[in-house]
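Chain A is the first sequence line, chain B the second, and so forth, proteins listed ahead of strands; every chain is numbered from 1.
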Amino acid sequence: MYELLKQEGAARRGQFTTVHGTVQTPGFMNVATCGAIKGALSAYDLQAIGCQVMLCNTYHLHVRPGDALVGELGGLHRFTGWQGPILTDSGGFQVFSLAGLRKIREEGVTFSSHVDGRRIFMGPEESMQIQSNLGSTIAMAFDECIENPAEYHYVRESCLRTVRWLERCKAELQRLNCGEDTRNPNQLLFGINQGGTYVDLRMEHMKTIAEMDLDGYAIGGLAVGEPKEEMYRIISEVEPYMPKRKIRYLMGVGTPGNILEAVRRGVDLFDCVMPSRNARHGHLFTMQGIINLNNKKYERDEQPIDSSCSCPSCRGHSRAYIRHLFKAQEMLAMRLCVMHNLHFYNTLLEKIRAALDGGSFEAFYSQYVTVLDQRI
RNA sequence: GGGAGAGUUCCCGAGCGGCCAAAGGGAGCAGACUGUAAAUCUGCCGUCAACGACUUCGGUGGUUCGAAUCCACCCUCUCCCA
């Protein structure tokens with residue numbers, strides 16, 4: 001259940017209560033596609049970096065180790081050791097990212113497994129069954145994340161199909177939640193807005209799904225190649241049609257600046273692989289901007305990654321040391337950097353919440369919106 | 001002392017008369033990354049006044065229109081026999 005606590009312009013401060021705990025919003029969800037944050041972080045580490053929600057992936061866990069196995073072992077919470085809220089993405093993004101390996105039909109999508117090539121069929125029902133087996137707190141509707149650019153006609157047909165798929169998802173999850181052996185009878189369902197870069201299709205689609213009384217509403221299919229101004233415009237245009245009393249999630253976004261802009265336009269939840277992936281590649285986020293620790297200029301830099309940061313990595317580790325660990329290909333380099341970047345994202349959202357609480361979000365926004373995405 | 005083999009650009013290592021500034025790795029330097037097929041991928045990597053020029057393949061001479069590639073001697077290293 002979403003509760004709106006305070007508003008500054010379109011920006012919302014709220015909280016979202018689930019059976020696995022309450023999420024303070026705006027909030028960031030930490031991506032653990034295969035049940036773990038890449039970079040050797042355990043569920044225990046998630047507490048240290050201020051994680052509120054863990055995000056796992058339906059397709060990936062279905063391929064390996066198999067949702068039946070996870071279910072048999074008590075579901076994702078027990079399996080991973082993370083007791084807080086878990087959101088499972090539906091596999092819709094893989095319809096986009098595994099484009100070369102799949103075929104879309106009305107019933108669903110056939111994938112060639114990226115692991116062993118075997119054929120995998122996933123439609124709305126299958127996606128819900130898998131997510132039910134996984135026992136996540138929040139299930140995402142199975143959608144088609146459309147590539148960009150795409151033809152108007154194709155996008156319109158795809159949106160209509162995504163609506164039909166959403167109806168099937170909702171019906172299937174209701175059925176599963178009533179089952180006797182269900183892992184989480186309270187499993188929630190979020191719908192996903194699509195429409196590419198066509199504002200009229202976006203609005204029409206949003207209006208349609210807004211009437212379906214879902215537990216939350218996501219905007220998908222953004223940050224897939226379009227200019228960021230276009231993404232901001234689409235969020236602004238679609239936002240008025242999103243239910244005010246439901247939580248709103250912008251999928252897969254983004255840079256710290258993107259997040260600030262989206263919060264300002266009324267978004268509550270985010271997830272992104274950028275902090276973890278970039279960390280593994282030596283790119284670190286700080287309140288002063290972005291640094292690349294691989295650069296020679298940090299060879300003798302005794303400062304921590306970010307002097308104003310209180311994460312475990314910034315306590316007692318210098319840039320010079322972590323740079324050395326990268327060059328020596330020590331796993332600790334990635335671990336320290338992933339912890340820092342995720343701590344940074346979770347803390348950034350915490351700062352945004354504090355600003356909203358204090359009525360100073362606009363000031364915070366203008367101070368940091370350009371600084372944070374800058375290379376220094 | 002005798003015999004066999006090897007010395008290539010920062011390192012390893014291909015090349016064995018022109019298509020060679022010299023394959024491929026590695027190292028180094030820089031860039032990308034947005035619901036993760038990503039500890040990945042891309043670019044640069046002899047020098048310069050740079051769509052061209054110059055200097056490189058242990059050293060010195062030589063053969064040839066042309067040599068990293070062939071010949072002679074020398075230096076260094078490795079292995080085998082004494």
inquiry  = At 4.0 Å (heavy atoms only), tell me whether A/Asp143 reaches a base, stays on the sugar-phosphate, or touches nothing.
reply    = base

ask   = Taking any strand in view, what nucleotide pairs with B/rG52 in a Watson-Crick or G-U wobble way, both distances under 3.5 Å?
value = B/rC48

key: Strand partner of B/rA27, provided both Watson-Crick or wobble distances fall under 3.5 Å   = none

Nearest-angstrom distance, P atom, B/rG18 to B/rC71 = 15 Å

inquiry  = Suppose you measure atom P in B/rG58 against the same atom in B/rG7; what distance do you get, rounded to whole Å?
reply    = 8 Å

key: Inter-nucleotide P distance (B/rG25, B/rG46), Å rounded   = 15 Å

message = Taking the P atom in each of B/rC20 and B/rA37, what is the distance between them to the nearest angstrom?
response = 41 Å

B/rC45 to B/rC10 separation - P atoms, rounded to the nearest Å = 15 Å

Pair A/Phe270 and A/Phe28, ring centroids less than 6.0 Å apart = no

Nearest-nucleotide comparison on RNA chain B, the residue closer to the 5′ end among A/Lys327 and A/Lys228 = A/Lys327

task = First locate atom CG of A/Asp306, then atom NE2 of A/His343, and finally report the distance between them rounded to the nearest 0.5 Å.
result = 9.0 Å

ask   = Quick one, which residues of residues 244-279 of chain A touch RNA chain B with a heavy atom under 4.0 Å?
value = A/Met251, A/Gly252, A/Val253, A/Gly254, A/Thr255, A/Asn258, A/Asp271, A/Cys272, A/Val273, A/Met274, A/Ser276, A/Arg277, A/Asn278

ask   = Across the strands shown, which category fits A/Arg335 at heavy-atom distances under 4.0 angstrom: base, sugar-phosphate, nothing?
value = nothing

request  = Look up atom CG in A/Leu293 and atom OG in A/Ser318, then write down how far apart they are to the nearest 0.5 Å.
outcome  = 9.5 Å

request  = Could you tell me which nucleotide pairs with B/rG1 by Watson-Crick or G-U wobble geometry, both distances under 3.5 Å, or answer none if nothing does?
outcome  = B/rC81

ask   = First and last nucleotide of RNA chain B in contact with chain A, 5' to 3', at under 4.0 Å to a heavy atom: what are they?
value = B/rA27 to B/rU40

ask   = Can A/Phe96 and A/Phe93 be said to form a ring pair (Phe, Tyr, Trp, His ring centres under 6.0 Å), step by step?
value = CA-CA 5 Å; A/Phe96 162 80; A/Phe93 185 72; 5.2 Å; yes

message = Would you say the ring centers of A/His281 and A/Phe326 fall short of 6.0 Å from each other?
response = no

ask   = For A/Glu226, which contact category applies under a 4.0 Å heavy-atom criterion: base, sugar-phosphate, or nothing?
value = nothing

message = I need the A/Asp200 CG to A/Glu237 CD distance, nearest 0.5 Å.
response = 10.0 Å

remark   = side-chain contact (heavy atoms from CB on, under 4.5 Å) with A/Leu61: of A/Asp67, A/Leu134, A/Ile130, only one passes, and it is A/Leu134

request  = Output the distance between atom CG (A/Asp45) and atom CH2 (A/Trp82), rounded to the nearest 0.5 Å.
outcome  = 11.0 Å

task = Please lay out, stage by stage, how A/His317 and A/His340 fare under the test ring pair (Phe, Tyr, Trp, His ring centres under 6.0 Å).
result = CA-CA 11 Å; A/His317 305 281; A/His340 169 81; over 10 Å; no

inquiry  = Just to be sure I understand the rule, does A/Leu87 reach a base, reach only the sugar-phosphate, or reach nothing, if contact means heavy atoms closer than 4.0 Å?
reply    = nothing

key: Ring centres under 6.0 angstrom apart (A/Tyr217, A/Phe190)   = no

message = Both distances below 3.5 Å, Watson-Crick or wobble geometry, any strand: find the nucleotide opposite B/rU40.
response = B/rA32

note = Residue set satisfying salt bridge (charged side-chain N to carboxylate O under 4.0 Å, His left out) with A/Asp116, at least two apart, ordered chain then number -> A/Arg118

task = Could you check which nucleotide pairs with B/rA6 in any of the strands shown, counting Watson-Crick or G-U wobble with both distances under 3.5 Å?
result = B/rU76

message = Students often get this wrong, so: under 4.0 angstrom with heavy atoms, is A/Cys145 touching a base, only sugar-phosphate, or nothing?
response = base

task = Quote, to the nearest angstrom, the C1' distance that separates B/rC48 from B/rG3.
result = 48 Å

message = Nearest 0.5 Å, please: how far is CE in A/Met140 from OG1 in A/Thr88?
response = 9.0 Å

P-based separation of B/rG15 from B/rU69 [nearest Å] = 15 Å

task = Just call it for A/Gly39: base, sugar-phosphate, or nothing, with non-hydrogen atoms closer than 4.0 Å on any strand.
result = nothing

Interface residues of residues 92-102 of chain A with RNA chain B (non-hydrogen, below 4.0 angstrom) = A/Phe93, A/Gln94, A/Ser97, A/Leu98, A/Leu101

query = Got a sec? Which of residues 288-299 of chain A come in under 4.0 Å of RNA chain B, heavy atoms?
reply = A/Asn292, A/Asn294, A/Asn295, A/Lys296

message = Under the rule for side chain to side chain donor-acceptor pair (under 3.5 Å), what residues qualify as partners of A/Thr137, not counting sequence neighbours?
response = A/His20

request  = Any strand is fair game: report the nucleotide pairing with B/rC65 by Watson-Crick or G-U wobble, both distances under 3.5 Å, or none.
outcome  = B/rG18

task = Determine the Euclidean distance between corresponding C1' atoms of B/rG59 and B/rC41; express it in Å to zero decimal places.
result = 44 Å

ask   = Regarding A/Arg264 and the six-membered ring of A/Tyr365, is the cationic atom NZ or CZ under 6.0 Å from the ring centre and inside 45° of its axis?
value = yes

ask   = Between A/Glu126 and A/Gly123, is there a donor-acceptor pair closer than 3.5 Å when you use the side chain of the first and the backbone of the second?
value = yes

inquiry  = Categorize A/His60 for me: base, sugar-phosphate, or nothing, with a 4.0 angstrom heavy-atom threshold over every strand shown.
reply    = sugar-phosphate

query = Measuring from A/Tyr368:OH to A/Leu260:CG, what's the distance to the nearest 0.5 Å?
reply = 10.5 Å

